[in-house]
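Each chain gets a letter, A, B and so on, in the order the sequences are listed, and its residues count up from 1. Side chains included, hydrogens not; waters and symmetry mates left out as well; all remaining heavy atoms used.
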Number of protein chains: 2
Amino acid sequence: MNARTHRGIRAAIRARIVAGEWQLGELIPGEADFAQEYGCSRTTVNRALQALAEEGMVERKRKGGTRVRPLPLPQAQLRIPLLREQVEESGRAYRCDTIVRRVARPPQSAAERLGTGETEAAYLETLHFADERPFAFETRWISLAAVPQFAEAELGELSANEWLVRTVPFTRGEVALSAATAGERIAGLLDTQQDAALFTMDRTTWLEDRPVTTMRLHYTPGYTLEFPI
Amino acid sequence: MNARTHRGIRAAIRARIVAGEWQLGELIPGEADFAQEYGCSRTTVNRALQALAEEGMVERKRKGGTRVRPLPLPQAQLRIPLLREQVEESGRAYRCDTIVRRVARPPQSAAERLGTGETEAAYLETLHFADERPFAFETRWISLAAVPQFAEAELGELSANEWLVRTVPFTRGEVALSAATAGERIAGLLDTQQDAALFTMDRTTWLEDRPVTTMRLHYTPGYTLEFPI
DNA sequence: AAGTGGTCTAGACCACGTC
DNA sequence: ACGTGGTCTAGACCACTTT
């Protein structure tokens with residue numbers, strides 16, 4: 001990491017912060033100072049400090065200067081992999097079964113997230129397998145207003161999620177993670193016992209301002225989602 | 001969002017990608033082309049496209065040009081808030097109780113993550129409350145090799161986590177999310193029924209290459225961790 | 001060898017927040 | 001009013017990857 005690039009300077013300043021050269025919350029030198037110290041232009045220092053701000057190491061305010069973040073807020077890049085990748089990366093064979101596929105009026109909880117009001121939407125239930133053993137159970141509502149093509153789509157080997165991701169880019173989404181207790185039906189599908197604790201993910205995605213799909217995924221017991229901070 | 005700033009151009013190009021102007025995987029115009037089209041310098045376009053690359057919309061290669069990402073990889077910034085903030089943001093009063101604090105030899109699972117071998121470490125059990133109702137139960141091992149000050153630290157009103165975060169900056173960490181079933185003891189502490197499904201977070205943090213602390217948090221039933229993609 | 005992105009510079013002006 | 005960060009520009013050179 002050469003020291004006069006914006007990446008190098010970013011790393012250098014981060015190291016100095018971690019080493020405790022400045023107190024938490026304390027003002028660090030301004031862009032001009034660093035520029036002189038590192039023998040580069042202010043523009044380069046600016047890039048480095050902006051990156052440190054994005055990554056949560058410092059806080060910047062015009063006129064207020066740049067401060068070390070009081071509580072170094074831990075934030076993580078969480079990559080949510082496709083189930084297929086998740087399974088295949090662990091060396092197992094992926095397969096999925098569509099158990100239910102129909103058009104119906106969504107229940108209130110799903111309708112609220114889809115924002116479709118009284119309209120009908122596509123409903124799917126999918127069971128995902130790893131090496132022919134149940135891995136996760138998915139229920140999903142898809143707005144036919146946003147994705148009319150879905151009505152006639154042949155999924156083939158693709159999961160609905162894969163089909164959507166290849167067909168409809170989305171602009172934003174929301175994820176909620178929680179724990180749920182397996183009911184009788186889901187316990188049967190996942191081949192586990194009733195009252196098992198299931199790691200659960202809800203996800204809703206939008207294309208611009210139109211909700212596209214909302215889904216819930218129950219993983220088999222023992223699943224953990226791991227990631228670095 | 002004015003159109004000639006790097007932010008504006010970033011938004012404009014993202015909108016064009018989302019609108020489907022280019023196929024997935026397709027080459028989009030080069031920096032010079034965009035610069036001419038938007039009437040700005042190449043530097044500005046470069047910033048915009050670099051940001052789009054970071055956010056996962058495009059892939060860039062020297063000489064290879066810039067392409068729309070084939071599968072728009074969903075990645076999220078997950079902010080893991082301090083429990084205190086989490087509770088107080090919802091308008092409730094935060095309090096925590098240290099139930100156990102002693103020095104002991106960690107069990108194998110914790111020793112592996114702490115990498116302390118046979119050495120003793122500090123062990124804590126903490127119960128976190130929101131409006132005097134149990135909110136989460138924490139067990140934590142702290143390496144006394146990495147944080148000798150902890151042996152004599154007065155926590156007072158602070159949780160161990162807050163004390164650590166103010167005293168020892170960390171450079172990296174690992175988080176694992178899962179679901180667990182409440183055993184008898186934890187069910188009692190959290191004032192819930194046995195076999196309830198608990199959202200669970202394991203976290204280990206390092207200062208440079210020295211493990212600092214490893215902890216497990218069981219949230220009361222019904223808790224969800226939400227974040228945007 | 002050539003073309004694309006990656007980066008630096010020096011100077012300039014602007015926007016925001018504090019004083 | 002002033003000082004800080006935010007951004008733009010024009011030109012330059014470099015680095016990587018493909019042809």
Side-chain angles (χ1 to χ4, degrees), chain A residues 1-17 21-70 72-73 77, chain B residues 1-17 21-70 72-73 77:
Chain A
M1 192 75 76
N2 280 328
R4 307 196 27 158
T5 69
H6 65 86
R7 289 171 193 279
I9 291 171
R10 167 184 175 180
I13 297 178
R14 178 178 28 213
R16 290 169 69 177
I17 290 174
E21 179 165 339
W22 303 283
Q23 300 288 321
L24 298 183
E26 188 183 343
L27 209 56
I28 73 176
E31 299 187 349
D33 304 321
F34 277 127
Q36 192 177 357
E37 177 180 347
Y38 287 108
C40 65
S41 73
R42 184 171 80 88
T43 316
T44 304
V45 174
N46 177 278
R47 267 223 82 167
L49 288 177
Q50 279 195 27
L52 286 177
E54 264 184 44
E55 102 186 41
M57 291 292 295
V58 300
E59 255 174 350
R60 321 192 71 201
K61 273 198 204 124
R62 283 162 159 143
K63 167 72 180 174
T66 302
R67 297 174 177 280
V68 180
R69 258 234 146 77
L73 67 87
Q77 275 269 322
Chain B
M1 191 77 74
N2 280 329
R4 307 198 25 162
T5 69
H6 64 86
R7 289 172 193 279
I9 290 170
R10 168 182 175 181
I13 296 178
R14 179 176 31 214
R16 290 169 68 177
I17 290 174
E21 180 165 338
W22 303 281
Q23 301 287 323
L24 299 183
E26 189 183 342
L27 209 57
I28 74 175
E31 299 186 349
D33 304 320
F34 278 128
Q36 193 177 356
E37 177 180 347
Y38 286 109
C40 66
S41 73
R42 186 171 78 89
T43 316
T44 304
V45 174
N46 177 279
R47 264 226 84 168
L49 288 177
Q50 279 195 26
L52 286 178
E54 263 183 46
E55 97 185 46
M57 291 292 295
V58 299
E59 257 174 349
R60 321 192 72 202
K61 272 197 205 126
R62 284 161 158 142
K63 166 72 180 174
T66 302
R67 297 174 178 279
V68 179
R69 257 232 149 77
L73 65 87
Q77 277 267 321

Problem - Letter per nucleotide, 5' to 3', of nucleotides 9-19 of chain C [B base touched, S only sugar-phosphate touched, - untouched; heavy atoms, 4.0 Å] - result: BBBB--BBBB-
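- Side-chain N/O atoms of B:Thr66 include none lying less than 4.0 angstrom from OP1 or OP2 on C:dT4.
- Minimum heavy-atom separation, B:Ile9 to B:Cys40: CD1-SG, 3.4 Å.
- Between the P atom of C:dT7 and the CZ atom of A:Arg10 lies a distance of 11 Å, rounded to the nearest Å.
- Take B:Thr43 and apply the side chain to side chain contact (heavy atoms under 4.5 Å, CB included) test, not counting sequence neighbours, and it matches B:Ser41.
- Rounded to whole Å, the distance from CG on A:Leu27 to P on D:dG3 is 15 Å.
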Per-pair distances, 0.1 Å, donor-acceptor, side chain in residues 25-34 of chain B, under 3.5 Å, sequence neighbours excluded:
unit_1, atom_1, unit_2, atom_2, d
B:Glu26, OE1, B:Gln23, N, 2.6
B:Glu31, OE1, B:Arg42, NH1, 2.5
B:Glu31, OE2, B:Asn46, ND2, 2.8
B:Glu31, OE2, B:Arg60, NH1, 3.2
B:Glu31, OE2, B:Arg60, NH2, 2.8
B:Asp33, OD2, B:Gly30, N, 3.0

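- Residues satisfying the salt bridge (Lys or Arg N to Asp or Glu O under 4.0 Å) test with A:Arg47, not counting sequence neighbours, are none.
- Nearer the 5' end of DNA chain C, as judged by each residue's closest nucleotide, is the contact made by B:Pro29, out of B:Pro29 and A:His6.
- Between C:dG5, D:dT7, D:dG6, one nucleotide has an atom nearer to the side chain of B:Arg7 than all others, and that is D:dT7.
- Phosphate proximity of C:dG5 to B:Asn46: absent, as no side-chain N or O sits under 4.0 Å from OP1 or OP2.
- The distance from atom CG of B:Leu49 to atom C1' of C:dG6 is 12 Å, rounded to the nearest whole Å.
- Following rounding to the nearest Å, A:Tyr38 (OH) and C:dC8 (P) show an atom-to-atom distance of 14 Å.
- The nearest whole Å value for the distance from the CZ atom in B:Arg67 to the P atom in D:dT18 is 10 Å.
- Residues A:Thr5 and A:Gly8 approach most closely at OG1-N, 2.9 Å, considering heavy atoms.
- By the salt bridge (Lys or Arg N to Asp or Glu O under 4.0 Å) test, A:Arg67 is found to be paired with no residue, residues two or more places apart in sequence or in another chain being considered.
- As rounded to whole Å, 10 Å separates atom P of D:dG5 from atom CZ of A:Phe34.
- Between the CZ atom of B:Arg47 and the P atom of C:dG5 there is a distance of 17 Å, rounded to whole Å.
- Note on B:Gln50: a side-chain N or O is less than 4.0 Å away from OP1 or OP2 of C:dG6.
- The salt bridge (Lys or Arg N to Asp or Glu O under 4.0 Å) test applied to B:Arg16 returns B:Glu21, B:Glu37, not counting sequence neighbours.
- The separation between B:Glu54 atom CD and C:dG5 atom P is 17 Å, rounded to whole Å.
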